[in-house]
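One structure is given here, and the rest of the page talks about it.
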There are 2 protein chains.
Amino acid sequence: MTHPPTNTGPDPERTPTQPRPRRRGPRGDLDRAGLVAAATRVVDTQGLTGLTLRKVATEAGVTPTALYTYFVDMADVANAVGDAFLGSLGLPGILTGPGTPRVRLRAVLDRAHSALMDRPGMLALIASRPLAGPHSFAFNEALLRTLTEAGLPPERVRAGAYVLTCFLLGHLATTAPHESGAALERAREGLDPADYPLSFAPVPIDDPLPGAELLLDGILNAR
Amino acid sequence: MTHPPTNTGPDPERTPTQPRPRRRGPRGDLDRAGLVAAATRVVDTQGLTGLTLRKVATEAGVTPTALYTYFVDMADVANAVGDAFLGSLGLPGILTGPGTPRVRLRAVLDRAHSALMDRPGMLALIASRPLAGPHSFAFNEALLRTLTEAGLPPERVRAGAYVLTCFLLGHLATTAPHESGAALERAREGLDPADYPLSFAPVPIDDPLPGAELLLDGILNAR
DNA sequence: ACCTGAACACCGTTCAAGT
DNA sequence: ACCTGAACACCGTTCAAGT
C-alpha cells in the first residue's frame with residue numbers, strides 16, 4: 001500500500017530530482033479495503049486529529065481526489081475505519097461461542113478493552129461517532145440476542161445493550177490515554193486537590209475493567 | 001457581545017461602503033466569559049463542526065487572533081464551553097439537595113438529559129472530550145460523595161460514577177439527533193432489516209430515560 | 001497589555017482534463 | 001471508470017506592528 005511503483009514505468013524525460021509524475025488512468029491495485037487499511041495506519045500513527053484525507057492519500061500513494069472514487073466524503077472514510085476495526089475484533093464470534101451469557105459478555109468487554117488500550121487514535125475515532133456499518137450492526141444484533149438469551153425482558157434488552165457499549169467506551173475514555181490529555185492536565189493543574197478529595201484520591205485498581213461486574217450485575221439481575 | 005461599536009468612534013476618512021477599520025488597543029468589553037458565551041452561541045447554531053476560532057471571533061466582534069489573549073488554543077475554547085455548560089446545569093446543587101441518593105441521582109440524569117436533548121452541538125462537544133475544568137470537577141466530586149453516602153463500598157464508588165456519566169452520554173448519543181446522523185443513515189440504507197431483526201425492531205419507549213432505573217439498580221444494590 | 005492585519009501551512013471538496 | 005492537477009473556500013496559529 002505504500003507507494004508501490006508498479007505501473008509508473010520508465011520515464012525518460014525527467015531529472016532524478018523531480019518527484020516523478022504519475023500516470024492518470026486506473027491503477028488496478030486500489031480498492032476500498034486497501035484504502036481503509038491505509039487510513040487505519042494513519043489513525044494509529046498520527047491520531048484521530050491526524051486522520052486527514054490528504055494524509056490517507058499520501059499513505060496509500062495516491063492523490064487526495066482519488067479517494068472520492070471510493071468514499072463519499074471524509075466522514076465516510078472515518079466510519080469505514082471504525083467499522084473495519086470492530087469487524088477485526090470478532091465480537092459476534094465470542095457472543096455465539098461457549099460459556100454462559102455472562103462470561104461471554106465479560107469476554108467481549110475484555111477483548112474490546114485490550115484491543116483499544118494501546119490505540120488511542122482508534123479509541124478516539126470509535127468514541128467520536130455512532131458506530132455504523134455492517135460489522136457494527138452485526139455486533140449490535142449479536143449483543144441483543146445474547147441479552148435476550150440471558151433472560152432479560154424484551155423491553156430492557158435494548159437499554160442493556162447500549163449501557164454495555166457506552167460503559168466500555170466511557171471506561172476506556174477515562175482509562176486509556178486520550179488525545180486531548182494535554183488540556184485535561186492543564187485543567188487539573190489549576191485546581192487544589194484539597195477541594196476535590198474524592199476526585200484526586202489515588203485508587204488502587206485491581207480489576208482491569210473496574211465496574212464491569214457491577215454493571216453486569218445490574219443488567220442481568222433485572223427482572 | 002455582537003459588535004458593540006463602543007470605542008471605534010467617528011472615522012472621517014472612510015467611505016460608507018468600507019467595513020470600517022477597528023482600533024487596535026484594548027477594547028475593555030472583552031473577557032473570557034463573554035467569549036465563552038459567544039462560542040456557545042456558535043455551537044448551538046452551527047454545531048460542533050461549525051465551532052471554529054474564526055466564527056467565534058466574528059460572533060464576538062473581534063479578530064481571530066484576539067482570542068489568543070484569553071485562550072491558549074482552540075481546544076481550550078471548546079473545553080471552556082463544555083465546562084461552562086456543565087456549570088449552568090447546577091448539578092452539584094441537586095446532589096446536595098433533598099431526597100434519597102437514588103432520586104437525586106435520577107434527577108441529575110433527567111436534568112442533563114432534558115438540557116442536552118435539543119442541543120445536538122453541545123451534546124457532540126460534551127461527548128467529544130473528557131470533561132475538564134472547575135465545574136466538571138465539582139460535579140464529579142459531588143457525584144462521588146453521593147454514591148458514598150448511598151452506601152457504595154469505597155472501591156466501587158469511582159466505577160459507579162463513571163458508569164453513570166458515560167451511560168448518560170451514551171444514551172443521549174443514541175437518542176438525541178447526532179451531528180454525524182447522515183453517515184449513519186447511509187449505513188442503514190445499505191442493510192437488509194431482515195438480517196438484523198432485533199436491531200431494526202421498533203421499540204416502544206415508555207421511560208423517557210430507558211435503562212436509568214436498570215443502571216441505578218445495578219450500582220446501588222451492589223454490596 | 002491588548003488587538004489588528006498579513007502571512008504560513010494546512011484542510012475538505014469541486015471540477016476540467018487526461019488515460 | 002479511474003486518477004491527476006489546479007483551484008476554491010476554508011482552517012488554526014505565528015508574528016510584527018500599532019494603540
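The sequence lines fix the lettering, A, B, ..., with proteins before strands; numbering per chain opens at 1.
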Exercise. Check whether any side-chain N or O of B:Q46 sits under 3.5 Å from a backbone N or O of B:L51 as a donor-acceptor pair, and report yes or no.
Key: no

Verify, without hydrogens or angle tests, whether B:N79 (side chain) and B:A75 (backbone) share a donor-acceptor contact under 3.5 angstrom.
yes

ask   = Any side-chain heavy-atom pair from A:Y70 and A:L30 closer than 4.5 angstrom?
value = yes

Rounded to whole Å, CG of B:L30 lies from P of C:dC2 at a distance of 10 Å

From CG of A:D29 across to P of D:dC2 the rounded distance in Å is 13 Å

Among the nucleotides D:dT4, C:dC11, C:dT4, whichever has the atom closest to the side chain of A:K55 is C:dC11

By nearest-nucleotide position on DNA chain D, the 5'-leaning member of A:T65 and A:R54 is A:T65

| query | Can you check whether B:T63 has a side-chain N or O nearer than 4.0 Å to OP1 or OP2 of C:dC3? | reply | no

Quiz prompt | Test item: B:R104 side-chain N/O and B:L95 main-chain N/O as donor-acceptor pair under 3.5 Å | solution = yes

Check your understanding: Does any N or O in the side chain of B:T63 come within less than 3.5 Å of the main-chain N or O of B:A66, such that one atom is a donor and the other an acceptor?
Key -> no

Distances for protein N or O near nucleotides 16-19 of chain D N or O, under 3.5 Å:
| from | atom 1 | to | atom 2 | distance (Å) |
| --- | --- | --- | --- | --- |
| D:dA17 | N3 | B:R24 | NH1 | 2.9 |

Between CG of B:L51 and C1' of D:dG12 the distance, given in whole Å, is 12 Å

ask   = Is there a donor-acceptor contact under 3.5 Å from the side chain of A:R111 to the main chain of A:L91?
value = no

Per the 3.5 Å Watson-Crick/G-U criterion and a run length of at least three, the stems involving DNA chain D are C:4-8 with D:12-16, C:12-16 with D:4-8

Look at all strands and tell whether A:F71 reaches a base, only sugar-phosphate, or nothing, counting heavy atoms closer than 4.0 Å. nothing

Exercise for the section: Check whether any side-chain nitrogen or oxygen of B:Y68 sits under 4.0 Å from OP1 or OP2 of D:dT14, and answer yes or no. Expected result: no

Scanning both residues in full, the closest heavy-atom pair of B:A132 with B:F137 reads CA-CE1, 4.4 Å

